[in-house]
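All remarks here apply to the structure that follows.
Counting convention: from 1, in listed order, for ligands and their atoms alike. In what follows, residues are counted from 1 in the order of the sequence shown.
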Amino acid sequence: MGAQDIKMIEAFDQPIYITRPLLPALDLFAARLREVWDAQWLSNDGFQLRCLNEELRRVLRVPYLSMFNNGTVALLVALRSLGLKGEVITTPFTFPATTHVLSWSGIVPVFCDVHPRTLTIDPKKIEELVTSKTSGILGVHVYGIPCHVDEIAAVARRCGLRVIFDAAHAFATELNGYGIGNFGDITMFSFHATKLFHTAEGGCLTFSDPDLKPRIDLLKNFGITGETEVLIPGINGKMNELQAVMGRLVLEMVADERTRRMAIEDLYKEYLGDIPGIEFIEAPSDVVHALQYFAIRIVQAEFGKSRDDVFKALRKYNVFARKYFFPLTSDYPCYQDLPTARVELLPNAHRAAREVLCLPFYGALDHLAVERICAIIRSVRNAG
Ligand code: T4K
C-alpha cells in the first residue's frame, strides 16, 4: 500500500481496543454459579477457589500458590511476607502498581535502567545501586519477556537481597522448561480482565519455600489465626467465589486463545516486518512466551515519523493502541525527585518509553482488521 492509498483506508465503525476479555458462554457461567448458590459460600477459602488454586498450580507448574483479589494487593503482601524495608531496586518501565506498592509499604523505590533489548531490569546495573539500606530487587517480566533471572539471582546472593518478580504479563510463560513462577523468592501474576487468563479482577503469588505459604495466607486474611485470635496486621487480599468461577471457565479457553493470538502475531509480523524503523520485541528462543501483548518499537530515525505520530493516526481510525509504558514511573510527580529518577541515569528506559506501542492483540480480532491496522501504520510512514 502506497502513500496515495491512505485516503482509501476507512476508519473502523467500532473502536478497536488493545484487548477484549475472554468471556465464557453465559449459560456455562450461570450453571457454575448454581453451585455457588447451592453452597451459599461466597468467599473465604471456598470450594471454587480451592479448585482454581490446584488447576493453576498445575498450569503454572509451581509448588505453592496463593490466590488474591488483585495483583496489586498480592504484591503488597509479597513485600510484607519477606519483611522488605528501606530501599528496593526496581524498574521504571512498568505499570504504576509496581512502584506504588513499594511506596505504600514505606519502601524507597530505587530506579535501575532496563536492558536495551529485553526492556527488563538491567542486571549489570543493579549492584552499583545497592546500599546498606537495600533489602530487595523487584523485577518485571515486561510484556512477558523474562527478566535475566540467573544474573539477578547471582547479584541477590552476593548482596544478601530478596527477589520478587512481577509477572503480571507473563501467565504460563516458561523459561528453559520451567514455569516463570519458579524464579526469585516470590512471583506475582495478575488476573485482571485485560490479561490473557483472568478472573475479572484477581491475582496470585507463587513461591517454592513452604514456610511462606502459612505466612502469606495469614497476611491476606487480616492475620486471623482463630475465631478469637489475630496474630499480625494483615489485610484483606482474598479472592471470592465469583472470581474463581470466572477463572475456572476462562482457564478452559486459554489454549485456544493462545493459538488464535499466535496467528495474529504472525500476521502482524508479515505485514509490518519489511517496514524500516519498526522493530519487534522478541522473546528469546528458550522462552514459551505469554502472548499477552504485541509490542513494537518505532525508531524515528529510520521510520521517519515518531511513535506518537503513529499513535495519533491510529486514533483517527478508531484504533486504541496503548503506550505501555509511557511515562516511566520515575517521571510521575510523586517519584521524579528521587535521586535515581534522573533522566540521564535511565537512558534505555526513556528511549523505550518514547518508542514502544502495544497494538490491538486478542484472539477475536479479525484478520482483516489486523491488515487494516498495519496499512494505517505503513501509511503514516509514507505520508508527507
Ligand atoms: N504490574 C504490572 C506490570 C501490571 O501491568 C499491572 C496491571 C499490575 C502490576 C497490577 O495488577 P492488577 O492489580 O491490575 O491485577 C490495564 C489493567 O487494568 C491493568 O491490570 C494492567 N496492568 C495494565 C497494563 O492495563 P489500563 O488503565 O490500561 O486499563 P483500561 O481500563 O484502559 O483497559 C485497557 C483496554 O482494555 C480498554 O481500552 C478496553 C479493554 N477492556 C478493559 C476492561 C477493563 C475491555 O475490553 N474490557 C474490560 O473489562 O490498565
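Around atom 27 (O) of ligand 1, the closest heavy atom drawn from Arg322, Arg20, His192, Gln292 belongs to Arg322.
Polar contact check, Gly71 against ligand 1: a nitrogen or oxygen pair lies under 3.5 Å apart. Of the N or O atoms in Tyr17, none lie within a sub-3.5 Å distance of an N or O in ligand 1. For a threshold of 3.5 Å applied to N or O pairs, the pair formed by Glu201 and ligand 1 contains no separation below that value. Geometrically, ligand 1 and Thr94 share no nitrogen or oxygen pair separated by less than 3.5 Å.
The closest donor-acceptor contact from the side chain of Arg61 to the backbone of Tyr178 lies at 3.5 Å or more, if one exists at all. No donor-acceptor distance shorter than 3.5 angstrom exists from the side chain of Ser135 to the backbone of Leu84, with no hydrogens or angles considered. In this structure, the side chain of Asn53 does not engage the main chain of Arg50 through any donor-acceptor pair within 3.5 Å. Arg248 places no side-chain N or O within 3.5 Å of a backbone atom of Leu52 that could act as its donor or acceptor partner. Counting only distance, with no hydrogens or angles, the side chain of Lys220 and the backbone of Lys238 share no donor-acceptor pair below 3.5 Å. A donor-acceptor pair is defined here as one N or O able to donate and one able to accept, closer than 3.5 Å; no such pair exists between the side chain of Thr19 and the backbone of Tyr362.
Contact between Phe320 and ligand 1 is absent, with no heavy atom of the residue lying under 4.0 Å from the ligand. A heavy-atom separation below 4.0 Å is found between Gly202 and ligand 1.
For atom 35 (C) of ligand 1, the closest heavy atom belonging to the protein is Ile18 CG2, 3.7 Å. For atom 47 (N) of ligand 1, the closest non-hydrogen atom on the protein side is Pro21 CD, 3.5 Å. When hydrogens are left out, the protein atom nearest atom 28 (O) of ligand 1 is Tyr324 OH, 2.5 Å; that is the closest non-hydrogen contact. Among protein heavy atoms, the minimum distance from atom 13 (O) of ligand 1 is reached at Thr72 OG1, 2.6 Å. For atom 49 (O) of ligand 1, the nearest protein heavy atom (residue, atom name, distance) is Ala193 CB, 3.8 Å. Of the protein's non-hydrogen atoms, Phe95 CB, 3.4 Å is the one closest to atom 4 (C) of ligand 1. Of all protein heavy atoms, the one closest to atom 22 (N) of ligand 1 is Lys195 NZ, 3.1 Å. With respect to atom 41 (N) of ligand 1, the closest heavy atom belonging to the protein is Thr19 O, 4.2 Å.
Ring centroid separation for the pair His115 and His148 comes in under the 6.0 Å cut-off. Here Tyr324 and Phe95 keep their ring centres 6.0 angstrom or further from each other.
Cation-pi contact between Arg322 and Tyr17: absent, since separation from the ring centre below 6.0 Å together with deviation from the ring axis within 45° is not met.
Of all the heavy atoms of Leu75, none lies under 4.0 Å from any atom of ligand 1, so neither backbone nor side chain is involved. Within the 4.0 Å heavy-atom criterion, the part of Asp166 lying near ligand 1 is the side chain and not the backbone. With a 4.0 Å heavy-atom cut-off, ligand 1 is reached by the side chain of Tyr293 but not by its N, CA, C or O.
Of all atoms in ligand 1, listed by their number and element, those nearer than 4.0 Å to a heavy atom of Met188 are 9 (C). Ligand-side atoms of ligand 1 in range of Ala168: 1 (N), 2 (C), 3 (C), 4 (C), 6 (C), 9 (C), range being under 4.0 angstrom from any heavy atom. Listed by number with element, the atoms of ligand 1 under 4.0 angstrom from any heavy atom of Ala97 are 8 (C), 9 (C), 10 (C).
With contacts defined as side-chain heavy-atom distances shorter than 4.5 Å, the pair Val108/Leu102 does not qualify.
Glu265 has no carboxylate O lying under 4.0 Å from a charged side-chain N of Arg261, or vice versa, which leaves the two without a salt bridge.
Under the side-chain contact (heavy atoms from CB on, under 4.5 Å) rule, Phe68 has a single partner from Leu75, Ile216, Asn236, which is Ile216.
By the 6.0 Å contact criterion, CZ on Arg80 is open, its count of non-hydrogen atoms from other residues, nucleotides or ligands being 12 or less.
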